[in-house]
**Student:** 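Okay, handing you the structure first.
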Amino acid sequence: MLTKAYGILAGGGVKGAALVGGIQAIEQNKIEFVGYGGTSAGSIIALLASVGYTSEELEKIMIEEIDFTQFLDNSASELENLKDSFRQLFEKINNFNLNDEIWRMGENRRLIMTLINFLKRLNQDLGLCDANGLKQFLVEKIGEKHDSLKNKTDITFRELQEQGCYPLKVVASDLISRQAVIYPLDQGQGLDYSVIDAVRASMSFPFVFFPVQTDNYLLVDGGLSSNLPLFLFQEERKVNNYPVIALDLVVDDNNQSNHSLDQSNYGLLKFIPDMLETVLEASDNLIETLIKNIYYISIKLPKDIGTLDFEISKQDRERLFDRGYRDVSSYLNKNVFQAIKKVRTERERLRVLYGRIDLIEKTLEKVAISFKNYSNAEEIRAYIMLPTERNTLIVVYQYGMDNDPDIDWEVPVNSGSIGYTWVSRKHGRVNIEMMKNNLEDYNLTKTQVNKIRKDRQAIYSVPIFDLSLSRTEKIEDLEMLGILCIDTSTSLENTLWLNQDSVCKNEIELWADILALILK
């Protein structure tokens, strides 16, 4: 079974070749991305991958074809001159001597005037260039994959959708609201927005590129608000539970330790770019621990390749690609995806994705024992049903169902007491014999109900709510993970389950909350 996942790609300036190396490792492990999200450089790679470029094609583009200086329009030499001017200025400041005649020489006045003129321009334009080269590059690359989009000057999210491209989400930062803006926007004509402008905004590194002004937004690099936007496909994942594979670009620890030893030479000239890159690269570390089913892969890059090294050599691009391929391959070879690649059924896939099988099924045993103690029910089985992308619920974890025909029972999300619980988000109790005699009322087929073990007489079901990110006490605001079910060979009337004041109601809710915290 081919594993499906959502891909989230971090920003990193000219270091995008590392992301491509990671994507190639993912492809070789038979993992298919069904949606792409990204920030800054990650948004560029995400766009190209979403329109159909394979990792081999992306490798050629990033290592051999792309010229990052073209993205600067005609400002590449100006940017390098400014970097050099700042270096000279800070060297002179470090060696400043009030009696040194060198400060009165014309060379230094020219240096200062160069920087003053730059600051004047920056104050007016808020950047050096408009990245027209980038926009032209993206339009051409999309046209190479989709003939109907050739020779266009702009392309929208809707046009990509109509071409059958993978879903794409891009993050930019709005300086007016000081929040992340996710394209395509959900409201209004979101899909009619230019995907080229969205990516252009997402990679607008401060002071290098002009901010993008649109509607009520003033947009700059998405990394300022979320450099690794793990949350992009949360709504889609409520339906299919596909995992997220997030590729992050970080500095190699070994290089960091060497860097930290030389504190005596660490001044403002290094502090300013390091501060900007820290904002861009470290804004999402806490989110990783809060969102479930995330596979975070850090690609460790050499310190000597900077985010803004627009004249990066082919050799350094190859180094970046190799690092990405190596680190992602290593992660996947040791991770749960090795188990995922072996699965053959939807039930097996869900068991691996949610994980902690032994702990979950041991907890279900405790549920069964508890209900035997608190009710008159006998021969209790306990199981968890989870949603599939087929719009069904299927038994994924169980206690007491070994060798039973319904160990993998699967029913539509709107059928039986299980469906009632899923739709209404309330407790459900059903007499199984009554359900078998009224198939149409319960939206079940004879095959589906005949799979239930013959001695079963009653089912009790309760929702399992996701409590991991809960900031509300309102049940209606909580996301549902699945359904906790118990069934018995005792008739429903004799179980005590119908008594609203019985201990059973509180007990099963408590166990559902415990299981919510265990489920990955």
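No experiment lies behind these values; they were computed from the predicted model shown.
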**Student:** For L228, does its backbone N or O pair with a side-chain atom of T39 as donor and acceptor, under 3.5 Å?
**Tutor:** no

**Student:** Is a side-chain N or O of T214 found less than 3.5 angstrom from the main chain of Y217, in a donor-acceptor match?
**Tutor:**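 Checking the backbone N and O of Y217 against the side chain of T214, no donor-acceptor pair under 3.5 Å is found.
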
**Student:** Output yes when a side-chain donor or acceptor of S329 lies under 3.5 Å from a complementary backbone atom of Y325, and no otherwise.
**Tutor:** yes

**Student:** Which word best sums up how the rings of Y166 and Y36 line up, parallel for under 30°, tilted for 30 to 60°, or perpendicular for over 60°?
**Tutor:**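 Plane angle over 60°, so perpendicular.
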
**Student:** Look at the side chain of S202 and the backbone N and O of S40, then say whether any donor-acceptor pair between them is shorter than 3.5 Å.
**Tutor:** yes

**Student:** Check for a donor-acceptor pair, side chain of Y397 on one end and backbone N or O of R351 on the other, with a separation under 3.5 Å.
**Tutor:**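 Present.
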
**Student:** With the side chain counted from C-beta on, respond yes when V328 and I23 share a heavy-atom pair under 4.5 Å apart, and no when they do not.
**Tutor:** no

**Student:** Strictly below 4.0 Å, N to O, side chains only: are R319 and D322 in salt-bridge contact?
**Tutor:**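 D322 and R319: not salt-bridged.
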
**Student:** In the structure I gave you, are the side-chain heavy atoms of Y295 and L332 within less than 4.5 Å of one another anywhere?
**Tutor:** no

**Student:** Do R200 and D197 meet the salt-bridge criterion of a basic N to acidic O distance under 4.0 Å?
**Tutor:** no

**Student:** Do F137 and I61 have side chains that approach each other closer than 4.5 Å (heavy atoms only, starting at C-beta)?
**Tutor:** yes

**Student:** Any side-chain heavy atom of P387 sitting closer than 4.5 Å to one from L393?
**Tutor:** yes

**Student:** Taking atom types as modelled and ignoring hydrogens, do the side chains of E27 and S55 form a donor-acceptor contact shorter than 3.5 angstrom?
**Tutor:** yes

**Student:** Under a 3.5 Å distance rule, please check whether R317 uses its side chain to pair with a backbone N or O of M62 as donor and acceptor.
**Tutor:**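 Confirmed, R317 side chain pairs with M62 backbone.
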
**Student:** Heavy atoms, side chains only, cut-off 4.5 Å: are I142 and L47 in contact?
**Tutor:**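 When only atoms from C-beta onward are counted, L47 and I142 do touch, with a gap below 4.5 Å.
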
**Student:** Less than 4.5 Å apart, any side-chain heavy atom of L149 and any of V51?
**Tutor:** no

**Student:** Are the side chains of D248 and I8 in touch, meaning some heavy atoms are under 4.5 Å apart?
**Tutor:** no

**Student:** With distance as the sole test, does S226 use its side chain to make a donor-acceptor pair with the main-chain N or O of G222 at under 3.5 Å?
**Tutor:**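 Side chain of S226 to backbone of G222: no pair is present.
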
**Student:** Going by atom types alone, do R158 and Q161 pair a side-chain donor with an acceptor below 3.5 Å?
**Tutor:**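 The answer is no; no qualifying pair exists.
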
**Student:** S204 side chain to A201 main-chain N or O, any donor-acceptor pair under 3.5 Å?
**Tutor:** yes

**Student:** Of the options L249, V250, V251, which is the one that meets K300 in a side chain to side chain contact (heavy atoms under 4.5 Å, CB included)?
**Tutor:** V250

**Student:** Taking atom CD as the centre, does E65 end up with more than 12 heavy-atom neighbours from other residues, nucleotides or ligands that are less than 6.0 angstrom away?
**Tutor:** yes

**Student:** Might you confirm whether atom CD of E144 has over 12 heavy atoms from other residues, nucleotides or ligands at distances under 6.0 Å?
**Tutor:**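 Count over threshold, so yes.
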
**Student:** Using distance alone, with no hydrogens and no angle criterion, decide if Y242 and E32 have a side-chain donor and acceptor under 3.5 Å apart.
**Tutor:**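 No.
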
**Student:** Is the closest side-chain heavy-atom distance between I245 and F33 below 4.5 Å?
**Tutor:** yes

